[in-house]
Amino acid sequence: MTTHLTHWGAFEASSDGERLTSVRPWRGDPEPMPLIENVASAQHHPTRIDQPYVRRGWLENGPGAAPRGSDRFVPVAWERALDLLAGELGRVYGEHGAEAVYGGSYGWASAGRFHHAQSQLHRFLNCLGGYVRHANSYSLGAATVLLPHVIGDIGWVMQRATAKTVLAEHSELVVAFGGLSPKNAAVSPGGVSRHNARTWIAAARARGCRFVSISPLRDDTSQEGEAEWIAPLPGSDAALMLALAQVLDAEGLADNEFLHRYTVGYDRFADYLCGAADGIVKDPQWAAAITGVPADRIRMLAREMAAARTLVTVSWSLQRAQYGEQPLWLGVVLAAMLGQIGLPGGGFGHGYGSAASLGEPARIPVPRFPQGRNGIETFIPVARIADMLLNPGLSFQYNGIDLVYPDIRLVYWAGGNPFHHHQNLARLRAAFARPDTVVVHDAFWTATARHADIVLPSTMSIERDDYGVGEADRVFFPMRALTRPHAGARDDYWMFAEMAERLGFGEEFTEGRSAGDWLRHLYEEWRLVQSVAGHVLPDFDAFWASESLELPVPDPDQVLGAEFRAAPDRFPLTTPSGKIEIFSETIDGFGYADCPGHPVWLEPEEWLGGPAAARFPLQLVANQPRTRLHSQLDVGAHSQSSKVAGREPVRLHPVDIAARGLHEGEIVRIFNGRGSCLAGLVVDDSVRVGIAQLSTGAWYDPDPDDPTFCRHGNPNALTADRPTSTLSQGCTGQLTLVEIERYAGAVPDLAVSHPPATE
């Protein structure tokens, strides 16, 4: 048995050289995940890409704007594919410059440190002169921009998050806005060695800690927490949090000494709470009318929070919605009002339950493949890709600066699937029709590969040598190849090295090293640096022959903000004032109506309390799936096991099912003014009345005659391509309004379960 690593866990496997013959979770994992079943079953699925392909229209007519996603593909030999691509890159860079190339490559790619698709692509494009890049992420678009103004860099907030072992020992009350989802806590960029999401919650509960899960989904917190479930209307969390703050302020429960010493702007915010400017007191009665949560429960919760060592944690999901900055900012404000930031078991957290890495103490850094320097400064917030492609030359604002969308002629994607992450997929499809050329490296015929002109088949991580370690994880794994590559697949490094040679910078890209040489070089370079820091590590050969390497963790009992609390003058925050900014002069100076200088209640355009709900009376929650990571390996056996008649399941409360005369197991049509999709109906009282829960990640399968209709169940056929606010321009894919009805027609076949038409 050989150990390998994925984003959702380590596993042990045997193979016959062609395919995996047995797969089981790593024996060192106390909470193993069944997602590992997707790996072996997907490896030789019919949707694996077996050789290079070129879209027929591009091959016959040359580069240019064209409808993509329905044309046939022509198989070509590797030599021809690389020659065609090198020639097109030379043309675009020569005629239009590096600012005409978008190196998107957004997504989780593979778990390895060297064969990390984005790093490989960015190094390659940097050798050509650079590329237009993206900033931030779909998961944390609003948080990445907001938090540096309010409390500190997103990396600091997450990497220095209070250790889960500390929470288990010291927390008395955990108030989780957005819950502590066990499925999301099972995954992390780069991998997870020892899952512990249920373990720390169970330990805290056994000690007497109480959990309050504030979410439209009861199962957003694991059963071990025995959590109280409070289910406000989705999108109304900011109103609930304002009312909690109002009680703390009005009843003298706020820690005024902490607010005076460690924060700025509280007086401005307190005036808003009491209605000094708008005449509206943000009290529990006001919030109850908005959220549906009883006023007495809001008032009592505020008192309970003030009386206990309380962690206020806000999931990533809350900021993935219109005005998502507001509940996140209010989470910081509530923690500051309680005065417990920097204390063990109290304070603020962003993302417990959103990824396995949150609450894992920071370990020493690990080897990285150098990407070089990007010679182009132009960038876009990642969730604005469709806007960029459709509107070259259009100006827009972001985080206090004015930007202009570039004129992109070539999109290069290696690793990731924008037709999973992005919203309003019919609009994205129209955007992908505009560039001259779209290039995709992928292992599978995902929707992104089907919308490309040149498709190059990538290996899976099990088909190549690498090493890997998860974000904040402490176990470093050698990842020896388990099988030969599928058919004609090649690793990205080989592809880029071949093209670099054709374009005249082969030595610059490879530095004369093979992939194996790079693994050894990067490891030994890293080992030397760590030895200077006092960490003794084995040489490469010893590491490569081992099962794994435990990495040092400098501060296993880390507490977010402990240094700042102990000595705010010596260890100021990186905010403009050096303190927690309840009111931000910087943000206020931007003059954005959709994100003013302190957190407020802003009514979303699509929520159950608004007029749009009269037409579409269900709130769709498009959260992350249980049976895969995002859209990865959706064709795998474990992912497929959750489908209903091959469609993604949608969960609905029995009351809502009865009101529509529906029955469990039926294929239903979910629709709104933007699009529609099919799904398999599941009855579940774990969802709030009025909520439809449909996970993301079903491979987009548009009807040939109507790209707004996804036959497979991708919720991003329905979601709006609108930003969280002008400040962050983040993703709002978590929530949208819909209606559901029985699908009356013959259920169509799925195209995504087999390769596209070829010649």
Side-chain angles (χ1 to χ4, degrees), residues 9 28-31 140 143 147 151-182 184-211 221-222 224-225 308-316 331-332 335 338 340-366 469-476 535 550-566 571 573:
D29 190 347
E31 298 178 19
L140 287 161
L147 289 179
I151 191 170
D153 179 78
I154 183 70
W156 175 77
V157 170
M158 296 202 298
Q159 293 165 17
R160 297 298 302 173
T162 301
K164 286 175 277 192
T165 53
V166 173
L167 300 179
E169 184 178 352
H170 294 282
S171 295
E172 296 173 342
L173 176 63
V174 174
V175 181
F177 292 92
L180 296 164
S181 177
N184 294 1
V187 300
S188 183
V192 184
S193 59
R194 302 181 183 98
H195 291 90
N196 58 21
R198 299 195 306 271
T199 301
W200 82 265
I201 291 175
R205 183 70 189 114
R207 192 182 43 76
C209 178
R210 290 182 51 239
F211 290 84
T221 297
S222 66
E224 286 79 2
R309 180 63 60 88
T310 301
L311 174 74
V312 178
T313 179
V314 181
S315 74
W316 296 355
V332 177
L338 295 174
Q340 298 180 22
I341 292 174
L343 295 179
F348 170 74
H350 183 38
Y352 291 101
S354 297
S357 57
L358 267 294
E360 291 300 314
R363 43 105 176 117
I364 63 171
V366 289
V469 60
E471 188 175 277
D473 204 280
R474 65 183 68 184
V475 185
F476 193 18
H535 303 301
E550 197 87 12
L551 298 176
V553 175
D555 183 11
D557 297 322
Q558 68 184 33
V559 173
L560 182 68
E563 299 90 346
F564 169 65
R565 184 186 187 94
F571 298 104
L573 300 178

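What's counted below: heavy atoms across the whole structure, side chains too, no hydrogens, waters or symmetry copies.
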Going by heavy atoms in the side chains, are T199 and R194 under 4.5 Å from each other? no
When rounded to the nearest 0.5 Å, the distance separating CZ of R309 from CG of L338 is 11.0 Å
Legend entry - Flag, side chain of R160 to backbone of G561, donor-acceptor distance under 3.5 Å: no
Requested in this report: Check whether any side-chain heavy atom of E360 sits under 4.5 Å from a side-chain heavy atom of V553, and report yes or no.
Outcome: no
ask   = Got V475 and E550 here, is their nearest side-chain heavy-atom distance under 4.5 Å?
value = yes
Side chains of T310 and Q340: do they bring a donor and an acceptor to under 3.5 Å?
no
Can you check whether L560 reaches W156 side chain to side chain, under 4.5 Å on heavy atoms? yes
**Prompt:** With no hydrogens and no angle check, is any side-chain donor or acceptor of E224 less than 3.5 Å from a backbone partner on R205?
**Reply:** no
Would you find a donor on one side and an acceptor on the other, under 3.5 Å apart, between the side chain of S188 and the backbone of A355?
no
dist F476:CZ -> I364:CD1 (nearest 0.5 Å) comes out at 9.0 Å
Checklist entry - Counting distance only, does the side-chain N/O of Q558 pair as donor-acceptor with the main-chain N or O of Q159 below 3.5 Å? => result yes
* Counting distance only, does the side-chain N/O of S354 pair as donor-acceptor with the main-chain N or O of W316 below 3.5 Å? -> yes
In this structure, CG of L147 is separated from CD1 of I154 (nearest 0.5 Å) by 5.0 Å
Q. Does C209 reach the side chain of V174, with side-chain heavy atoms less than 4.5 Å apart?
A. yes
Got a sec: does the CD of E172 have more than 12 other heavy atoms crowding it under 6.0 Å?
-> yes
Find out whether H170 and V559 are in side-chain contact, i.e. whether some heavy atom of one side chain is under 4.5 Å from a heavy atom of the other.
no
Rounded to the nearest 0.5 angstrom, the CH2-NZ distance for W200 and K164 is 8.0 Å
Strictly distance-based, threshold 3.5 Å: is any side-chain N or O of T221 a donor or acceptor partner for the main-chain N or O of L180?
yes
